Amino acid sequence: MVEDLRSFIKYIKTHHPDDFLEVNKLINPKLELSAVITKLEEQRRTPIVLFNNIKGTEFPTIVNVNASRKRIAAGMKTDLNKMREKYLVAVNNPIQPKYTSSAPVQDIIIKESEVDLFKLPQLIFHKEEGGAYISAGIVTAKDPETGIRNSSYNRLMIQNKNHLGIYMTKGRHLWEYYTRAEAKNEALPISIHIGSHPAWSSGILFTGEFEVDELSIAGGILGQAIPIVKCKTVDADVPAYSEICLEAELLPKIREDEGPFIEFTGYTIGKGKREVVKVKSITHRKNAIYQTILSGAHYEHLVLGTVPMEVNLLNKIKNHVPTVQDVHFPTAMTVFVSIKKKAEGQGKSAILAALGSEFYSKNVVVVDHDINIRDPRQVWWAIGTRVRSDQDIVIVPDVRGSGIDPTTTTEGIITKLGIDATANPTLDKYPPVGTIPKEILDKIDLTKLFE
């Protein structure tokens, strides 16, 4: 059976019906959809929500598909405790996508003269944003020199009926492909697919070498090749069971206003002169579902990328500190790392590996293995009791990081920080902490104690 967004929706509705909501009331795409999700988040609820009646469009719109780790784990066909292990297996055992003759995404073909991006849901998530955005579009392109395929999430601002503004992170794969094509004054053919299974999303967010096709990581997660087809009008590929595909070109030598947009940091990233996409054709499934990701510091925007980033960092740090135990992104651009330190210097080695291996690693805190890095109170306790400020703080100025960091003055150039909060010289040489024996704790049943 082919795994796609529709099969995942069916699974959730069957096995976790409380995790799926439908809204049939007419919803204004400007701010009202995001207001609904915000109200749910205020109640600490992150269900998938399907809006069946969005003003101005025929496409029902789904949000929050990846808004919980538990749901992402379900998309990987595993449980929360085994999710990272499953991802690592996929990274080490990728399955290349496979061309197929069956292409539901091409059931309906809209030719270039009839392309009208305004028929898509014109979603504006926050009043500060500069226009309607496609926020869950996955861009797939080929390296113009090697033909290697790359897929990535990129924000896309609807400018007119057939043009989009795009934000590309400098130094990342799509930007590199584009600069290679632009150097020859050539457009870069791309596909933009909308409507993805969670495993596709998780695989595509893998940060690897240029030679890695992210769709192969998605295939490794699912244990089956992702079916793909060639686009009708451009030299690009698209997952055959995605909901909607925009066949397009990244135009050379053209820059137009894009932004502002609210990024996962929660801050507005201002207007800038950025690259332009021309849409040549739109294809989609019958009764296509439009997928979106609520921008800003909302659950799905924050949760979606953390699993791949944590796995990537765990692997990178392990090359320098083999006894690394865990990695966790508790919030935007901040990383907690747990290591079983056996020698002095390993804390700083972990810091340098983390800072250098991931664009979004801006602030790194390294602690001993006795600290639960998913409990911020414990991490702060380690900082408060184990850090020597004159020796354990690492500051790296003027390095390339994320261009959406609000502290950047030159786009993408930031200062990074590391805090070595491990015990000095090692935990076994540090004063012991007070403990209560596990057998005593296990005897205490609070539900019965206060009856």
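Computation of the quantities below employed the complete heavy-atom set of this structure, encompassing side-chain atoms and omitting hydrogens, waters and symmetry-equivalent molecules. Here, residue 1 is the first one in the sequence, and each next residue gets the next number. Worth saying up front: this structure is predicted, and the values here are computed from it rather than measured.
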Original post:
Taking only residues two or more places apart in sequence or in another chain, which ones pass ring-ring contact (aromatic ring centres under 6.0 Å, His included) with His328?
Top reply: none

**OP:** List in chain and number order the residues that pass side-chain hydrogen bond (donor to acceptor under 3.5 Å, both in side chains) with Thr100, two or more places apart in sequence or in another chain; answer none if no residue qualifies.
**Re:** none

Subject >> For Glu256, all residues meeting salt bridge (charged side-chain N to carboxylate O under 4.0 Å, His left out), sequence neighbours excluded >> reply: none

Subject >> Listed partners of Lys348 passing salt bridge (charged side-chain N to carboxylate O under 4.0 Å, His left out), at least two apart >> reply: Asp392

**OP:** Applying side-chain hydrogen bond (donor to acceptor under 3.5 Å, both in side chains), name anything that partners Lys10, two or more places apart in sequence or on another chain.
**Re:** none

**OP:** Could you pull out all residues at least two apart from Glu22 that satisfy salt bridge (charged side-chain N to carboxylate O under 4.0 Å, His left out)?
**Re:** Lys13

Original post:
What pairs with His16 under side chain to side chain contact (heavy atoms under 4.5 Å, CB included), at least two apart in sequence or on another chain?
Top reply: Tyr11, Ile12, Asp19

**OP:** Please identify each residue that fulfils salt bridge (charged side-chain N to carboxylate O under 4.0 Å, His left out) with Lys77, with sequence neighbours left out.
**Re:** Glu3

Subject >> With sequence neighbours excluded, residues passing side-chain hydrogen bond (donor to acceptor under 3.5 Å, both in side chains) with Glu112 >> reply: none

**OP:** Mind checking side-chain hydrogen bond (donor to acceptor under 3.5 Å, both in side chains) for Arg172 and listing every partner two or more places apart, or none if nothing turns up?
**Re:** Glu358

Original post:
Listed by chain and number, what are the ring-ring contact (aromatic ring centres under 6.0 Å, His included) partners of Phe59, not counting sequence neighbours?
Top reply: His284

**OP:** Please identify each residue that fulfils side chain to side chain contact (heavy atoms under 4.5 Å, CB included) with Leu314, with sequence neighbours left out.
**Re:** Arg84, Val324, Val327

